[in-house]
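Working notes, structure below.
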Amino acid sequence: MEVFHLAELKKTPTPKFMKFAACILHWYDQNKRDLPWRQDPIPYHIWLSEILMQQTRIEQGTPYYLRFVEAFPTVHDLAAAPEEKVMKLWQGLGYYNRARNLHATARYISRECGGVFPDSYKDLLSLKGVGSYTASAIASICFGEARAVVDGNVYRVLSRYYGIDSPIDRPPGQREFQALANSLLPKTRRGDYNQGIMEFGAMQCRPKNPRCSTCPLQEGCQAHRQGRIVELPVKAGKTKVKKEYLHFALALDPKGEFRVQQRPVKGYWPRLYEFPGLKLDREESSERIQESLRKELNMEPATELRQLHEQPIKHQLSHRVLQLFFWSTEEVYEMGVEQRQEALSKIEGFAWPVPLAEFLQRMKF
DNA sequence: AAGACGGGGGT
DNA sequence: ACCCCAGTCTT
């Protein structure tokens, strides 16, 4: 019988002959995080967690998950909730159409399906906000169906382990990785394996500073062998960000009320609240901006507008860099059809974009 | 096939 | 500054 040092056993817990999936499962059993939706694979909980976590770090999304299951214990509760309540709970998480799709799907499941979720990939895929990744996740985790998930973690793990440099943000590369992921799927514990490879990508095979020295897959890893860890995965990407300058006019009403409106359905921050104002594509002089604001809001030509802060408030979106400016005026200008006038205590309950919510907080002081 | 769509955290 | 995150939908 051969004798190993304990340190060596910990460093290489997986013998070479273990297949990729077995190694992932073994690692997952020893290293998985204790996440609230992992108690029991209830479809409502798994679906809710998957929608919340799309393009979102687990650490950021988990508090939202806990608040959602507390507020809406069943899909019927979510379906019955007013949209404003759902949006307010979602405030700050971004990608706000996810919340509307979530609500629409909850109503569909509640009314058309008696609260019972579809139990196959194919049927799950037809739900709003559920694409191939989420359908695969729910089908495998809840129903053991043979569907391989491919998310950002899986792209990273597979591109490194197999040394594949096809761009992960282009359809050909995405098809290639999906096919590879499918071929690696084990015959048992598919849900655990899918969660395992994602967990492995998040905790071990991280984007920056991956933990190669303690990696159980190091020996078979092409990228590690070739010193290409930092280059993989490859992205073709690079869509450039546009600049926008948003100017908001705050009419300081004697009663302490604020003029507010909802943003259009299309574009960023869909139907979230904002103050009346205008969008410019370039920097302008203070005079030009005031002139445009007065014209936009049908104000008297002589009305004075004062900027409420020195520096513009910068805000970064996926494809835009915003600079926000807040102006104040004494004039009670004509109310637009889209606009409402409400007390501060009331509008605080609305769903606001983060930089406007922050500004609102500062207004209270 | 390529863009649009957020906000937070890491380096 | 730039990259990335348990992706999906629209054009």
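These figures come from a predicted structure and were not determined experimentally. So that the names make sense, note that chain A is the first sequence line, chain B the second, and so on, each numbered from 1.
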With a 4.0 Å limit, can you tell me whether A:Arg170 has a side-chain N or O closer than that to the phosphate oxygens OP1/OP2 of B:dA2?
yes

Main chain of A:Phe326, side chain of A:His309: is a donor-acceptor contact present, judged purely on distance under 3.5 Å?
yes

Checking contacts here: which listed nucleotide (B:dA1, C:dA6, B:dA4) is nearest the side-chain heavy atoms of A:Lys242?
B:dA4

Assess whether one donor atom and one acceptor atom, taken from the side chain of A:Arg320 and the base of B:dC5, lie less than 3.5 Å apart.
no

Give one of base, sugar-phosphate or nothing for A:Val149, where a contact means two heavy atoms less than 4.0 Å apart.
nothing

What distance, rounded to whole Å, do you find between the two P atoms, one in C:dC9 and one in B:dG8?
24 Å

Measure from the side-chain N and O atoms of A:Tyr44 to the backbone N and O of A:Val69, and report whether any donor-acceptor pair falls under 3.5 Å.
no

Taking only N and O in the side chain of A:Gln55, is any of them less than 4.0 Å away from OP1 or OP2 of C:dG7?
yes

In whole Å, what is the span from the CE atom of A:Met203 to the P atom of C:dC4?
20 Å

Using the C1' atom on both, measure C:dC5 against B:dA1 and round to a whole Å.
23 Å

Between P on C:dC4 and CD1 on A:Ile58, what's the gap in Å once rounded to a whole number?
18 Å

Going through the distances and angles, do A:Tyr273 and A:Arg340 end up as a side-chain contact (heavy atoms from CB on, under 4.5 Å)?
CA-CA 11 Å; A:Tyr273 281 80; A:Arg340 300 160 56 184; 2.8 Å; yes

Quick one: A:Glu274 CD to B:dG6 P, roughly how many Å, whole number?
13 Å

Please check the phosphate of B:dC5 (OP1 and OP2 only) for any side-chain N or O of A:Asn97 closer than 4.0 Å.
no

Assess whether one donor atom and one acceptor atom, taken from the side chain of A:Arg38 and the base of C:dA6, lie less than 3.5 Å apart.
yes

Just checking A:Tyr95: base, sugar-phosphate only, or nothing, at a heavy-atom cut-off of under 4.0 Å?
base

Looking across every strand, which nucleic acid part, if any, lies under 4.0 Å from A:Gly61 by heavy atom: base, sugar-phosphate, or nothing?
nothing

Answer yes or no: is there an ion pair linking A:Arg259 with A:Glu342, defined by an N-O contact shorter than 4.0 Å?
no

Given B:dA1, B:dA4, C:dA6, which nucleotide is nearest the side-chain atoms of A:Ala202?
C:dA6

Please evaluate the base of C:dG7 for a donor-acceptor partner in the side chain of A:Thr134 within a cut-off of under 3.5 Å?
no

When you measure from the side-chain N and O atoms of A:Lys266 to the phosphate of C:dT11, is any distance below 4.0 Å, counting only OP1 and OP2?
yes

Is there a donor-acceptor pair closer than 3.5 Å between any side-chain N or O of A:Arg170 and the backbone N or O of A:Gly173?
no

Looking only at C:dC3, B:dG6, C:dA6, the nucleotide nearest the A:Pro270 side chain is B:dG6

From CE of A:Met198 across to C1' of C:dG7 the rounded distance in Å is 12 Å

Heavy atoms only, 4.0 Å cut-off, all strands: where does A:Leu35 land among base, sugar-phosphate and nothing?
base

So which one's nearest nucleotide on DNA chain B is more toward 5', A:Arg206 or A:Pro353?
A:Pro353

How many whole angstroms separate atom CZ of A:Phe177 from atom C1' of C:dA6?
17 Å

Complementary nucleotide of B:dG6, counting Watson-Crick and G-U pairs under 3.5 Å
none

Determine the contact category for A:Arg156: base if any of its heavy atoms lies under 4.0 Å from a base atom, sugar-phosphate if only primed atoms, P, OP1 or OP2 are that close, otherwise nothing.
sugar-phosphate

Return no unless some side-chain N or O of A:His315 is found under 4.0 Å from OP1 or OP2 of B:dG6.
no

From the candidates B:dT11, B:dG7, B:dA4, the one with an atom nearest any side-chain atom of A:Gln60 is B:dG7

Say you pick atom P in C:dT11 and the same atom in B:dG6; how far apart are they, in whole Å?
15 Å

side-chain contact (heavy atoms from CB on, under 4.5 Å) partner of A:Glu50, the single match among A:Thr134, A:Asp151, A:Val130, A:Val149
A:Thr134

Separation of A:Glu59 atom CD from B:dG10 atom P, in whole Å?
8 Å

What interatomic distance, in whole Å, is found between P of B:dA4 and the corresponding atom of C:dA6?
24 Å

Does A:Tyr96 place a side-chain N or O at less than 4.0 Å from the phosphate oxygens OP1/OP2 of B:dG7?
yes

Rounded to whole Å, the CH2-P distance (A:Trp90 to B:dC5) equals 17 Å

Would you tell me whether A:Arg156 and A:Asn153 have side-chain atoms, one donor and one acceptor, within less than 3.5 Å of each other?
yes

For A:Trp37 and for A:Asn101, locate the closest nucleotide of DNA chain C by heavy-atom distance; then report the residue assigned to the nucleotide nearer the 5' terminus.
A:Trp37

What is the separation between atom CG on A:Leu127 and atom P on C:dT8, rounded to the nearest whole Å?
12 Å

Regarding the side chain of A:Arg57, the nearest nucleotide among B:dG6, B:dG9, C:dC3 is B:dG9

Member of A:Leu48, A:Leu52, A:Thr62 meeting the side-chain contact (heavy atoms from CB on, under 4.5 Å) criterion with A:Trp37
A:Thr62

Quick one: the side chain of A:Tyr133 and the base of C:dG7, do they pair up donor-acceptor inside 3.5 Å?
no

Proximity to the side chain of A:Thr56 - top-ranked nucleotide from B:dG6, C:dA6, C:dC3
B:dG6

Comparing nearest nucleotides in DNA chain B, the 5'-proximal residue of the pair A:Leu317, A:Asn209 is A:Leu317

What's A:Leu93 touching, base or sugar-phosphate or nothing? Going by heavy atoms closer than 4.0 Å.
base

